[in-house]
Every structure is written in C-alpha cells, then in structure tokens.
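Encoded as structure tokens, the structure appears first; notes follow it.
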Amino acid sequence: MRKPIIAGNWKMNNTAEEGVALVKALKPLVEDAKCEVVVCVPAIDIPAVKKAIHGSKIKLGAQNVHFAEKGAYTGEISAKMLLEYGVKYVIIGHSERRQYFGETDETVNKRTLAALNAGLTPIVCIGESLEERENGLTEKVLDRQLREGFQGVGDFSKLVIAYEPIWAIGTGRTATAQQANDAIAYIRKRVKRLYAHSNAGRMRIQYGGSMNAKNAKELMAQPEIDGGLIGGASLKAEDFATIVHFDK
Ligand code: 13P
C-alpha cells in the first residue's frame, strides 16, 4: 500500500520566526495524523524549523536542490547541505521555477538524480498549462516531462511525483477530482510503461493546485491520488491540519 503524503509548500513565505510560530501551532494538530506530514520551507528557515519540529510528526523538506556536489554555483544549495539539517524531502521542478528561473526537464532530471543519490526524497512537479489543456495536449506534455525528467531513475518508490496543473496553482480553480484522478492514473500508467521494473506501482503521486480544507477530502478519496502538495492553505495551521486529517 502507498502511504498518503501531505506536504506544504510555503514558497517564498514565512521568515524563520514566522515559520517557527506556524509549526508550533501545527504540531499538536497533526500528532495523530495517519499520513506523512511534510513542510517544505524556504532554505534560510530550515535550521529554525528543524529545531521547532523536533520530536513531532512533521518532516522537513526544501524547495530546491542543486545537482552538483559542490562548486561555483552562486546562490545554490547542495544535497549535502540540506542533509546536514535533517531535510528529508525536496521539491524539484515546481512550475514557478520552470516559469521564472529557467528550470527545464533536463535540469529537473539532473536535480532529481542528485537528490536520489544523496538519499533525499524528491517531490518532482509536473503538469500542463491552461493553453495545453485546452488544446488537448495534457497527456503529451505529461509524457514529455516523464520521459525527459526521469531518465535514469531506478526505483520510483524512492520519489514522489506531484501532478500540479499550472492553471490550478494559486488560482482557486482546483482540478475536479475526476480530472486529477485521470491525469494521475495516466502518469502511473506511463511510468510503468516507460520505466519497466522500476517499482512504479509503489510510487506515490500527489495532486497540487488550490487544494484546501474544503476540497481535500474529495480529492484524497480518489483511488489514484496518494497525497497533496499544498501552497496557500499550508500557511494556516488549522487549514493544513484539516487537510492532513482528510480521512476523518
Ligand atoms: P496553491 O495550493 O496555493 O494553489 O499552490 C499549489 C502549489 O503550487 C504547491 O506546490
């Protein structure tokens, strides 16, 4: 069975002080969670949040990682640096990084392999734009992202894919449960086909895009959806905790 995973992506929100206050409020609310609970925080918040979540259910994630072990890459952070602070998860290839920071399927692939080699669990984001969906290109785009972004991955049980349709991110326009389930079923089928013998059946796939305290239950009830990657609603402890308790 695939253990559900609910992860917050704080994006560029919360100073270390604000982040500590948020996880302190969150801790007691998620202590009895049955799913995995992760917060992916700004890099500079990591040391303070690590301390604040000590002894709790909450696991720590980052929002990016560089593919080189070290070297002349100004502004970047290596897997080793993240591991030193107890980071377990790292978001890779978020559509905001693809859109604003030149991330490509190729760099997503390099970052994913580096994270896996270092022992981090990548949460790799894929998903189509509104224009692509309206032109019937959703499956074609997902197929390309899967073929190019995941080359060389040997064991898909060691990573998480987040299906995030770009048109649903931060817009309040959630994919319907059916749309999300269909796209995720397609992703699983394609991974099984493209990467035979790679444990694709055990890979977890999240949905992300305006998931919130109101719609999480219905989305999580879909058989293909193994979790959520939550932006805006992860910034409020009560809302995030409600999502974590989707099974109640
Ligand atoms: P929202 O939940 O704010 O739409 O953001 C989703 C997202 O991008 C998570 O990575």
Original post:
What's the shortest heavy-atom distance between S210 and T171, and which atoms?
Top reply: OG-N, 3.5 Å

Original post:
Got C35 and V244 here, is their nearest side-chain heavy-atom distance under 4.5 Å?
Top reply: yes

**OP:** Determine, stepwise, if the pair E69 / K80 fulfils side-chain contact (heavy atoms from CB on, under 4.5 Å).
**Re:** CA-CA 7 Å; E69 273 180 37; K80 196 174 168 189; over 6 Å; no

Original post:
Looking only at heavy atoms, which two atoms of G86 and L60 are closest? And how far apart?
Top reply: O-CB, 4.0 Å

Subject >> E103 side-chain N/O to H94 backbone N/O, donor-acceptor pair under 3.5 Å >> reply: no

**OP:** Of all the heavy-atom pairs spanning F156 and A200, show the shortest one and how long it is.
**Re:** CB-CA, 4.1 Å

Original post:
Under the 3.5 angstrom rule, does the side chain of R98 hit a backbone N or O of G93 as a donor-acceptor pair?
Top reply: yes

Subject >> Hphob cluster co-occupancy, F240 + V38, side-chain heavy atoms under 4.5 angstrom >> reply: no

Original post:
Is it true that Y186 and V124 fall in one hydrophobic cluster, defined by side-chain heavy atoms closer than 4.5 Å?
Top reply: yes

**OP:** Compare all side-chain heavy atoms of T138 with those of E132 and state whether any distance is below 4.5 angstrom.
**Re:** no

Original post:
Of all heavy-atom pairs between Y85 and K50, which one has the smallest distance, and what is that distance?
Top reply: O-CD, 3.1 Å

Original post:
Do E148 and N109 come close enough that some side-chain heavy atom pair is under 4.5 Å?
Top reply: no

Subject >> Audit row: V191, I205, side-chain contact (heavy atoms from CB on, under 4.5 Å) steps and yes/no >> reply: CA-CA 11 Å; V191 171; I205 310 180; over 6 Å; no

Subject >> Heavy-atom donor-acceptor pair, Q63 side chain to C40 backbone, under 3.5 Å >> reply: yes

Original post:
Looking just at side-chain N and O atoms, do S95 and Q99 make a donor-acceptor pair shorter than 3.5 Å?
Top reply: no

Subject >> Short side-chain to backbone donor-acceptor contact, N212 and K214, under 3.5 Å >> reply: yes

Original post:
Less than 4.5 Å apart, any side-chain heavy atom of K88 and any of T121?
Top reply: no

Original post:
Could you give the distance from OG1 (T176) to CD (E218), rounded to the nearest 0.5 Å?
Top reply: 8.0 Å

**OP:** Compare every heavy atom of A216 with every heavy atom of I243, then report the nearest pair and how far apart it is.
**Re:** CG2-CB, 3.8 Å

Original post:
Can you find a heavy atom in the side chain of V153 that is under 4.5 Å from one in the side chain of S198?
Top reply: no

**OP:** Could I get the full list of salt bridge (Lys or Arg N to Asp or Glu O under 4.0 Å) partners for K158, not counting sequence neighbours?
**Re:** D155

Original post:
M220, M203: one ILVMFWY side-chain cluster at the under-4.5 Å cut-off?
Top reply: yes

Original post:
Can you tell me if CZ on R144 sees more than 12 non-hydrogen neighbours from other groups inside 6.0 Å?
Top reply: yes

**OP:** Report yes or no: do Y163 and E128 form a side-chain donor-acceptor pair below 3.5 Å?
**Re:** yes

Let me have the donor-acceptor pairs involving side chains of residues 14-22, under 3.5 Å, with sequence neighbours excluded, atom names and distances please.
{"residue": "T15", "atom": "OG1", "partner": "E17", "partner atom": "N", "Å": "3.4"}
{"residue": "T15", "atom": "OG1", "partner": "E18", "partner atom": "N", "Å": "3.1"}
{"residue": "E18", "atom": "OE1", "partner": "T15", "partner atom": "N", "Å": "2.9"}

Subject >> Backbone N/O of E131 and side chain of N135: donor-acceptor pair under 3.5 Å >> reply: yes

Original post:
Aromatic rings Y73 and F67: how do their planes relate, parallel, tilted or perpendicular, breaks at 30° and 60°?
Top reply: perpendicular

**OP:** Tell me, with the steps shown, if K70 and S78 meet side-chain contact (heavy atoms from CB on, under 4.5 Å).
**Re:** CA-CA 6 Å; K70 61 178 178 175; S78 73; 5.7 Å; no

Original post:
Are V23 and I230 connected in the hydrophobic side-chain network, where two residues link if heavy atoms are under 4.5 Å apart?
Top reply: yes

Subject >> Single-linkage hydrophobic cluster, 4.5 Å side-chain cutoff, L159 and L142 together >> reply: yes

Original post:
Do any pairs count as a salt bridge (Lys or Arg N to Asp or Glu O under 4.0 Å) and have a residue in residues 167-190, sequence neighbours left out, and if so which ones?
Top reply: D143-R190, R188-E224, R188-D226

Subject >> Check against side-chain contact (heavy atoms from CB on, under 4.5 Å), L194 and F150 >> reply: CA-CA 10 Å; L194 290 166; F150 294 80; over 6 Å; no

Original post:
Mind checking whether M12 and P42 have side chains closer than 4.5 Å, heavy atoms only?
Top reply: no

Original post:
Which atoms form the tightest heavy-atom contact between R97 and N64, and what is the distance?
Top reply: NE-ND2, 3.3 Å

Original post:
Would you call K57-D32 a salt bridge at under 4.0 Å N-O?
Top reply: no

Subject >> Close side-chain approach of I225 to F246, heavy-atom, < 4.5 Å >> reply: no

Original post:
Between atom CD1 of I123 and atom OG1 of T112, what is the distance when rounded to the nearest 0.5 Å?
Top reply: 11.5 Å

**OP:** For residues E96 and I169, determine if any side-chain heavy atom of one lies less than 4.5 Å from a side-chain heavy atom of the other.
**Re:** yes

